[in-house]
Peer 1: 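Provided herewith is a single structure, encoded as structure tokens, for subsequent inquiry.
Only a predicted model underlies this, so the values are computations on that prediction, with no experimental measurement involved. Numbering of residues begins at 1 and proceeds along the displayed sequence.
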Amino acid sequence: MNITEKILSKKAGHEVVPGEIIEIEVDLAMSHDGTSPPAIKTFEKIADKVWDSEKIAIVFDHNIPANTIGSAEFQKVCRDFIKEQGISKNYIHGEGICHQVLPEMGLVEPGKVIVGADSHTCTYGAFGAFSTGMGATDLAMVYATGKNWFMVPEANKMEVIGNADEYIAPKDIILNIIGDMGIAGATYQTAEFCGEVIENMGVEGRATMCNMAIEMGAKNGIMEPNSDVINYVCKRTGKTESQLDIVKSDKDTPYKRELTYDITDMEPQIACPNDVDNVKDISKVEGTAIDQCLIGSCTNGRLSDLKDAYEILKGKEINNDVRLLILPASKEIYKQAMDLGYIETFLDAGAIICNPGCGPCLGGHMGVLSEGEVCISTTNRNFKGRMGDPKSQVYLSNAKVVAASAIEGVITHPKDL
């Protein structure tokens with residue numbers, strides 16, 4: 001059996017098979033300021049008390065601080081619910097983006113089943129958990145019962161091998177895979193990442209890859225925990241390795257597909273408007289004029305991303321015709337970046353530093369695009385109208401490419417600086 005099947009089997013109490021419908025208990029349920037209110041509205045029609053106030057997390061990240069009356073009203077609904085239900089795991093004071101904050105707070109562990117009213121909940125597969133997103137009204141049933149039904153997904157084994165140069169990041173690897181699979185190529189299936197590159201990849205890069213599994217339609221992305229993950233989880237939870245439920249796939253387990261991706265000689269990958277699978281080598285789009293550059297989001301707002309940008313931007317200034325926005329994924333990362341001198345370098349280069357949160361990624365807050373504007377971003381989606389006006393355009397890349405492009409004013413390979 002593969003990792004996902006083993007986790008679901010343990011919860012179901014029997015060996016599951018792909019295509020089987022199961023109803024199981026979840027270990028953690030999450031919603032944010034954008035999805036909590038509709039979940040709460042539905043919940044209040046079916047129950048008075050949540051099933052377990054200690055297994056629910058609510059995070060403010062999509063519009064924090066509130067930028068409209070509507071956002072303020074949504075957040076008030078959440079605050080009232082948190083008080084009424086006694087939800088202690090609330091992160092509503094700018095702690096950061098939910099998919100960064102939950103692991104930081106020690107709420108994510110291997111072998112757990114985690115659901116969230118946000119499509120990028122699949123991020124937690126980086127820690128060896130089965131995690132997936134769902135609709136806000138579906139989450140209301142979880143809040144009421146602690147259970148959810150799933151169809152056991154078929155699994156794809158995606159092996160990553162080879163050696164890439166210094167300009168390649170995990171973002172490039174997952175964009176390359178999505179470009180190959182297509183936006184619906186793994187619909188309601190597991191994307192299980194493995195191979196020498198994954199085994200040697202740090203926690204942050206793993207989170208980036210699992211985060212974007214949904215962009216090829218996958219039900220979940222998942223990886224076997226390596227030593228970096230185990231050390232991270234132990235530090236955050238206070239548990240020892242022996243106390244963790246570390247699950248690994250059997251060597252002889254069958255998969256729907258077994259795919260190999262060799263990243264040797266790979267160029268930085270760019271997802272071009274208006275689909276995440278419209279992926280091209282950077283050499284095909286170099287020189288494209290841009291108006292805005294964005295480094296942040298639940299995909300690439302981590303310390304390693306800020307370090308990549310720092311190394312490109314130190315001693316440089318951004319082009320006067322563009323604006324560079326930088327949003328650390330959490331308050332903890334923001335503080336670390338300050339201590340390391342990254343923030344000062346970004347400010348000296350002419351960047352705008354925004355508070356931790358989702359911000360412009362969803363076109364909701366801080367950095368929305370106007371008609372005809374072009375942005376190159378480390379975020380996870382470039383759909384038409386995603387970041388603002390329907391006639392704007394978004395390109396996706398790694399942080400080094402975004403930083404280099406901010407200096408030159410056009411999409412630029414960092415090696416050409």
Side-chain angles (χ1 to χ4, degrees), residues 97 99-100 120 122-123 125-126 158 160 162-181 183 191 193 195 197-198 200-216 218 221 223 261-273 275-286 290 293-312 324-329 333 358 361 375-383 386-387 394-406 411-415:
I97 304 174
H99 305 310
Q100 179 63 27
H120 293 104
C122 51
T123 302
M158 299 175 170
V160 185
N163 295 291
D165 66 32
E166 61 184 299
Y167 303 109
I168 298 299
K171 179 64 163 288
D172 301 290
I173 300 172
I174 190 62
L175 285 178
N176 183 260
I177 293 173
I178 294 167
D180 176 61
M181 294 291 292
I183 56 173
F193 304 104
V197 174
I198 304 301
N200 295 318
M201 189 177 289
V203 172
E204 298 189 347
R206 287 169 157 247
T208 292
M209 290 192 61
C210 287
N211 175 278
M212 293 192 70
I214 186 63
E215 308 309 337
M216 52 182 147
M223 300 170 173
Y261 294 90
D262 190 339
I263 64 172
T264 305
D265 299 325
M266 177 190 287
E267 291 184 33
Q269 303 289 284
I270 310 293
C272 304
D275 292 298
V276 184
D277 64 350
N278 184 19
V279 178
K280 299 179 181 179
D281 291 341
I282 193 171
S283 58
K284 302 288 179 61
V285 294
E286 281 182 293
I290 52 177
C293 303
L294 171 62
I295 297 171
S297 86
C298 61
T299 310
N300 286 117
R302 300 181 178 87
L303 191 65
S304 57
D305 303 300
L306 301 189
K307 180 182 179 182
D308 285 346
Y310 163 79
E311 290 176 346
I312 297 293
L324 170 60
L325 278 60
I326 299 178
L327 294 84
I333 292 169
C358 301
C361 175
C375 178
I376 185 164
S377 173
T378 66
T379 53
N380 44 43
R381 288 182 175 154
N382 61 349
F383 305 151
R386 168 75 177 179
M387 202 177 285
V394 177
Y395 292 80
L396 306 178
S397 76
N398 71 42
K400 289 184 179 181
V401 171
V402 174
S405 302
I411 294 179
T412 301
H413 193 310
K415 72 177 177 61

Peer 1: So does T412 get a backbone contact from the side chain of E286, meaning a donor-acceptor N/O pair under 3.5 Å?
Peer 2: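 Not a single qualifying donor-acceptor pair exists.
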
Peer 1: With a 3.5 Å distance limit and no angle check, can you tell me whether T264 reaches the backbone of A164 through a side-chain donor-acceptor pair?
Peer 2: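 Answer holds: no.
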
Peer 1: So, taking the atom named OH in Y310 and the one named CD1 in I326, what distance separates them when rounded to the nearest 0.5 Å?
Peer 2: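 Rounded to the nearest 0.5 Å, the OH-CD1 separation comes to 13.0 Å.
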
Peer 1: Do N382 and Y395 have side chains that get closer than 4.5 Å, going by heavy atoms?
Peer 2: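 No - every pair of side-chain heavy atoms lies 4.5 Å or more apart.
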
Peer 1: If you count the non-hydrogen atoms of other residues, nucleotides and ligands that lie under 6.0 Å from CG in D180, is the total more than 12?
Peer 2: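 Buried by this count: over 12 neighbours within 6.0 Å.
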
Peer 1: Taking atom types as modelled, find out whether T123 and N211 have a side-chain donor-acceptor pair closer than 3.5 angstrom.
Peer 2: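 Yes, side-chain donor-acceptor contact under 3.5 Å.
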
Peer 1: I'd like to know if the side chain of T378 and the backbone of G296 have a donor-acceptor N/O pair within less than 3.5 Å.
Peer 2: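 Yes.
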
Peer 1: Quick one, I173 and V197 - any side-chain contact, counting heavy atoms below 4.5 Å?
Peer 2: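 The answer is yes; the side chains approach within 4.5 Å.
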
Peer 1: Of all the heavy-atom pairs spanning G125 and C210, show the shortest one and how long it is.
Peer 2: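 Minimum heavy-atom separation between G125 and C210: C-SG, 3.6 Å.
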
Peer 1: Go through T379 and N300 one step at a time and tell me if the side-chain contact (heavy atoms from CB on, under 4.5 Å) criterion holds.
Peer 2: CA-CA 7 Å; T379 53; N300 286 117; over 6 Å; no

Peer 1: For N278 and D275, indicate whether the former's side chain and the latter's backbone hold a donor-acceptor pair under 3.5 Å.
Peer 2: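 Flag not set: sc N278 to bb D275 has no pair under 3.5 Å.
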
Peer 1: Rounded to the nearest 0.5 Å, how far apart are CE of M158 and CE of M223?
Peer 2: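 If I round to the nearest 0.5 Å, the distance is 11.0 Å.
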
Peer 1: Would V402 and L294 count as a side-chain contact (heavy atoms from CB on, under 4.5 Å) here? Give the steps.
Peer 2: CA-CA 7 Å; V402 174; L294 171 62; 5.8 Å; no

Peer 1: Do you know which two heavy atoms are closest between C293 and I290, and how far apart they sit?
Peer 2: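 The pair with the smallest heavy-atom distance is SG-CD1, 3.5 Å.
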
Peer 1: Does the R206 side chain pair with the main chain of M201, one donor and one acceptor, at a distance under 3.5 Å?
Peer 2: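 It does hold such a pair.
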
Peer 1: So, taking the atom named OG1 in T299 and the one named CD1 in I174, what distance separates them when rounded to the nearest 0.5 Å?
Peer 2: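 T299 atom OG1 to I174 atom CD1 measures 10.0 Å (nearest 0.5 Å).
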
Peer 1: Determine the minimum heavy-atom distance between G301 and L306, stating which atoms define it.
Peer 2: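 Of all heavy-atom pairs spanning G301 and L306, the closest is O-CG, 4.5 Å.
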
Peer 1: Testing the 3.5 Å rule here: is there a donor-acceptor pair between the side chains of S283 and D281?
Peer 2: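 Per modelled atom types, S283 and D281 side chains form no pair under 3.5 Å.
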
Peer 1: Answer whether the closest heavy-atom distance between the side chains of Q269 and K171 falls below 4.5 Å.
Peer 2: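 Not touching, per the 4.5 Å side-chain cut-off.
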
Peer 1: Could you state the interatomic distance from CG (L325) to CD1 (I295), rounded to the nearest 0.5 Å?
Peer 2: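 CD1 of I295 is found 10.0 Å from CG of L325.
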
Peer 1: Heavy atoms only: give me the nearest V276-F383 pair and the separation to one decimal.
Peer 2: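 Reported closest heavy-atom pair: CG2-CE2, 3.9 Å.
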
Peer 1: How long is the span from the CG atom in L175 to the CE atom in M266, to the nearest 0.5 Å?
Peer 2: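 Here the interatomic distance stands at 9.0 Å.
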
Peer 1: I would like to know whether K284 and I270 meet side-chain contact (heavy atoms from CB on, under 4.5 Å); could you show each step before the answer?
Peer 2: CA-CA 9 Å; K284 302 288 179 61; I270 310 293; over 6 Å; no

Peer 1: Does K400 reach the side chain of K307, with side-chain heavy atoms less than 4.5 Å apart?
Peer 2: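 No, every pair of side-chain atoms sits at 4.5 Å or beyond.
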
Peer 1: Test your reading of the model: is there a side-chain donor-acceptor pair from R302 to the backbone of I333, 3.5 Å cut-off?
Peer 2: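 Answer holds: no.
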
Peer 1: Decide yes or no for H413 and V401: does some side-chain heavy atom of the first lie under 4.5 Å from some side-chain heavy atom of the second?
Peer 2: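 When only atoms from C-beta onward are counted, V401 and H413 do not touch, as no gap falls below 4.5 Å.
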
Peer 1: Heavy atoms only: give me the nearest A191-M216 pair and the separation to one decimal.
Peer 2: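 In this case the closest contact between A191 and M216 is CB-CE, 3.9 Å.
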
Peer 1: How far apart are the C-alpha atoms of H120 and E215, what are their side-chain angles, what is the distance that settles it, and do they pass the side-chain contact (heavy atoms from CB on, under 4.5 Å) test?
Peer 2: CA-CA 9 Å; H120 293 104; E215 308 309 337; 2.6 Å; yes

Peer 1: Under the 3.5 angstrom rule, does the side chain of D277 hit a backbone N or O of I178 as a donor-acceptor pair?
Peer 2: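 Pair absent, no side-chain N/O of D277 close to backbone of I178.
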
Peer 1: Hey, could you give me the CG/OG distance between N380 and S297, rounded to the nearest 0.5 Å?
Peer 2: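 Answer for the CG-OG pair, N380 versus S297, is 5.5 Å.
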
Peer 1: Quick check: do R381 and L396 have side-chain heavy atoms less than 4.5 Å from each other?
Peer 2: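 Heavy-atom side-chain distance check fails, nothing below 4.5 Å.
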
Peer 1: Is any side-chain heavy atom of N163 less than 4.5 Å from a side-chain heavy atom of I263?
Peer 2: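 No - every pair of side-chain heavy atoms lies 4.5 Å or more apart.
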
Peer 1: Just so I know, are the side chains of N398 and D308 near enough to count as touching, which here means a heavy-atom distance under 4.5 Å?
Peer 2: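 No, every pair of side-chain atoms sits at 4.5 Å or beyond.
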
Peer 1: Do you know the tightest heavy-atom contact between S377 and V394?
Peer 2: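 Nearest pair, atom of S377 first, then V394: CB-CG1, 4.3 Å.
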
